[in-house]
Amino acid sequence: MDAVLLSRLQFAVAVFFHFIFVPLTLGLSLILAWMETRYVRTGDAFWKKQVQFWGKLFIINFTLGVVTGITLEFQFGTNWSRYSQYVGDIFGSLLAIEATVAFFLESTFLAVWHFGWNRVGKKMHLLSIWLVAIAGNISALWIILANGFMQHPVGYAVNAQAGRAELTSFLDVISNGYAWGMYAHTVLAAWALGGFFVLGVSAWHLLRKSHTEFFRRSFRMVAPYTLILTLLVALAGDLQGKNVAQYQPAKLAALESHWNTTKNAPFYVLALPDEEGEGNFIEALAIPDLLSWISYGDANAEVKGLKDFPKEDRPPVLPTFLSFRVMVALGGLFVLLALWAALSSRKNEPSPVLLKALVWNIPLPYIALMLGWAVAEIGRQPWIVYGLMRTSDAVSPVPAPTIAMSLGAFIAVYSLLGVLDIYLLRKYAIQGPEAREG
Amino acid sequence: MLETIWFILWALLWAMFFILDGFDLGVGCLLPVLARDESERRLMYNAAGPFWDGNEVWLIAAGGVTFAAFPKAYAVMFSALYAPLLLLLFALIFRAVSFEFRSKVAHVAWRSLWDGIHFCVNLAACILLGVAFANLFKGIAVDAQGVFHGTLLSLLNTYGLAGGAFFLCMFILHGAIWLAIKTRGNLQTRAVATAFFVWPIMLLLLVAFLALTAMHTNLFANYLAMPALFALPCLALAGLILVRILLREGRLWAAWGSSALFILCVTFFGVAGMFPGMIISSLDAAATVTVFNGASSPLTLKIMLAVALIMVPIVLAYQCWTYRLFSSPVTHEDLKDDHAY
C-alpha cells in the first residue's frame, strides 16, 4: 500500500473513532444541562440524581472524545503536510479558533462541573454544564467550518508565487452555506443520538423493572424531544442534499449512482452500482422525477450523470452510494422508533417490544452518523479540497512503512480504548443511579 | 513585524503548555516514588484532578496556532517529528485515560495496572517533549521539500537526550512543588523533600544544558549579536535560585511561580536563539523554515492576532478562577467525595 492510502486509512480510523464519542458529548451535555436546569428550578433532588447518573456516563465518554481529538489536530501535520502547507492559511486558523474559543471553555468548565458540586453554588454549577454544552457545540461549528472549506472552498485566492491558497475573506469562510448546512445536519443528528442513548439505557432498566420510576421519568422527558430531533435531522439532510447538488454534483451523482445526465431524473428504490460498466446492475422500482425534485426542488431539473465527469474526477461510487442509502434508511427508522417512543411515553408500561427495540437501537444512530461522514468524505474524493487540491497531492513525505506502523499502533490502541469504554459505560449504565465509584 | 509578534505568541503558548501541563506530568512521574499507599496515590491523582484537562488544551492551542500562523512550520515540524509526536500523543491518551478509568473499578490489580501506565506515560511525555524541543533548537535533517532524512534514533543524539533529561527534571521539580501546595502531612513533607533533592540536579542540568547548547547548536549566535538577550538565561537561573530560597521560607505558591518563571525563560531562551528560524535545517541553511517564509498571509495573521488578544486573556481569567476555586489542599475527607478520582 502506498503512503496516500495508508494515510487515508489512518485518518479514517482516527476520525471515526473520535466520532464515536463526539455526538454523545454534544447530545448528552445538552440533556444534562436541561436536567440540571430542572433541578435548580424545582429544587427536586430527583433531578440531581438524574444529572449525576447520566453525568457519570458523560464523563467516561468525554475523556475519550478529548484524547482522540488531540491526535486529529496533529495528523494534518504528520500525515497531510502538503495539504497543511497549501491551505493552512485558511484551514489552520479555524482549528486554532476552535481551541481558543471553545475547547478551553469546555474542558475548564467540565472540571468545575465534575469536581465542583460542593464548591460552587447551585447556579454556578448549572452555568458550568451549560457552558460545557454550548462550548462543545460551538467547537463542532468551527471544526465543520474547516471541513466545509474542504467541501466547498470559499473566501480564498491561490497565490501562485507562494504556491498556496490564501485567505481573502474570513467572512466568506465563516458564512459558508455548505458548512452551515453540514453543521445543522450533524449537530441535530448528535442531539438525536443523545436522545436515543438516554431512551436506550432507560429502556434497558424498564425492561428489567429496575429503578422504574427513575427511568420512566428520563424516558418521558426525552422521548418527544428525540422525535422532534429526528424530524429536524431529516429536514436538515434534505436541505444539505440541495447544497450537494449545487456545489458537488459528482458527489450527488455518486450517492444516487446516477450515470446518465437527464431531466426529470427518477429515483430508483432498488439500485446496485456497476462502476466498471458505468451503469447499475439493478435498477428497479423507479419513482419518476423524484431525484430531480429532491436535488433541486424542481421535477424538471437536469441532474448531471457520472458519465459526464472525467473518470479521474469521480468519487468511488459503491461506498458512497451504500453509505448514503443505509444512512437514509436508518434515518427513516429513527423517525418511526422515536414516534412510537413518544406516543408511549405517557404510558406507565411501554410495550416490551418497543423497549427491546430501543435497547438494540443504541448503536444504530452512531452507525448512521459514521455513514453520513463516509458520504461526505468518500464522496468528496478524489479531492481533499473540492476542485482545488487532490488527495494524492496532499500527503506528507513520510515513508509508507512508518505510516503502516503508526496505523497499526492506532488500531491497537484505539481497539483497547474502545473495549474499555464499552466495558465501563455498560458497567455504570447497568448499575443504575445507586452506583458509587470505587 | 506581524510575523515577529506571532513568533513571540507562538513561543508563549508553548511555554504556557509547559508551565501548566508540566506540573501534572511531573506529579505523574512522582507517583510510585512518593505515594506509599492507596489513599496517598489517590491524593496525588486528585492533586492534578481538576486541572490536567484544561492544561492539556494549551497543547491544542499551541498546535493550532502553529498551524494557523505558520502552516509551513507546522507541516514540516510534525511530519519530520512523526514518530516522537505520535508517541507523545499516545502517551497523553493513556495519561488522560488512566486519570479517568483508574478509579472506576475497585480492584487492586486494575488500579496498579493503571498506576504503572500512568507513571510510564508521564515519564515518556516529559522526555519526549525535551527530546523534540532540544532537536528543534539544534536543527533537524530536513531538506527544502520538507522531507526528513533522519530516524527516531537520530533524534536521540547527545543534545536531544540532554534535552529529555532537562525537561524531565524541570517538570518533576515543578510537579513536586505543586504537590507540596496541594497536600498536607506526610505526603507534603515528602514532596518538599523531593523538591530540595531535585533542585541541585536541576541546577547541574541547567549548566550542562547551556554548555551543550554552546557546543551543539547555533543558538548563541543571536545572543552574541544582541547581548540583551542574555537576560533570558540569567532570568531562568534567577528563577531557579528563587525556587530554593522560597521553598526554604515555606512560601510554596511563590516557589511554584518561580519555577514557572524558570520554565518560561528556558523556553524563550531556546526560541530566541532560533529566531528567525522555526524549523532549522541541519542539512541546508536555505531549507530552514523561518518566521518569514513560513508565516501565513498578513490577513490571517491579523485576524488570528485579534482572536488571540481577545480570547487568551479571557481563557487565562477563567482558568485562574478555577485554580483559585480548587486551590485548597486535597484531604482524605475529599477522597470520600463520589466525584474524586
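These numbers come from the heavy atoms of this one structure, side chains and all, not from hydrogens, waters or symmetry mates. As the structure is a prediction and not an experimental result, all values here were calculated from the model. Chain letters run A, B, ... following the sequence lines, proteins first, then strands; residues in each count from 1.
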Beyond-backbone contact of [X] with [Y], side-chain heavy atoms, under 4.5 angstrom:
X      : Y      : value
B:T300 : A:F170 : no
B:L81  : A:F74  : no
B:D53  : A:H114 : no
A:I59  : B:E100 : yes
A:V66  : B:E56  : yes
A:R82  : B:S79  : no
B:F78  : A:W80  : no
A:F104 : B:I314 : no

Partner chain B: residue of [options] with the largest heavy-atom pair count (under 4.5 Å):
options                        : value
A:V87, A:L94, A:L95, A:I403    : A:I403
A:S107, A:A111, A:A99          : A:S107
A:E166, A:M405, A:R164, A:Q75  : A:R164
A:S84, A:P399, A:S396          : A:S84
A:G69, A:G116, A:S81, A:A409   : A:S81
A:V120, A:N159, A:L105, A:D421 : A:L105

So for [X], is it side chain, backbone, both, or neither that comes closer than 4.5 Å to the heavy atoms of chain B?
X      : value
A:N118 : side chain
A:F76  : both
A:V112 : both
A:L416 : side chain
A:Q52  : side chain
A:A162 : neither

Per-residue contact mode, [X] against chain A (heavy atom under 4.5 angstrom):
X      : value
B:V307 : side chain
B:F90  : side chain
B:T322 : side chain
B:L59  : both
B:A295 : backbone
B:F326 : both
B:D334 : side chain

Decide if atom NZ of A:K122 counts as having more than 12 heavy atoms of other residues, nucleotides or ligands within a radius under 6.0 Å. yes

Taking every heavy-atom pair that is under 4.5 Å apart, which of [options] has the most such pairs with chain A?
options                      : value
B:L86, B:V312, B:V65         : B:L86
B:L325, B:L92, B:V97, B:I310 : B:L325
B:F94, B:F70, B:W52, B:F51   : B:F94
B:V76, B:V57, B:V315         : B:V57
B:P50, B:A69, B:A83          : B:P50
B:N55, B:L89, B:I60          : B:I60

Search all heavy atoms of [X] against all heavy atoms of [Y] and return the closest pair with its distance.
X      : Y      : result
A:S93  : B:M304 : CB-SD, 3.4 Å
A:T108 : B:G54  : OG1-CA, 4.4 Å
B:A68  : A:A96  : CB-CB, 3.8 Å
B:P71  : A:Q85  : O-CG, 4.4 Å
B:S328 : A:R119 : OG-NH1, 3.2 Å

Salt bridge (Lys or Arg N to Asp or Glu O under 4.0 Å) with B:D21: which residues, sequence neighbours excluded? B:R95

Over 60° means perpendicular and under 30° means parallel, so tell me whether B:W110 and A:Y423 are parallel, tilted or perpendicular. tilted

Look at the aromatic rings of B:W321 and A:F109 and report parallel, tilted or perpendicular, splitting at 30° and 60°. parallel

Indicate yes or no for a side-chain donor-acceptor contact from B:K104 to the backbone of A:K427 under 3.5 Å, with no hydrogens or angles considered. no

Find the distance between OG1 (A:T63) and CD1 (B:I93) and round it off to the nearest 0.5 Å. 12.0 Å

Decide whether B:Y82 and A:T402 meet the rule of one side-chain donor and one side-chain acceptor closer than 3.5 Å. no

Which residue, A:L167, A:D89, A:I90, forms the side chain to side chain contact (heavy atoms under 4.5 Å, CB included) with B:S296? A:D89

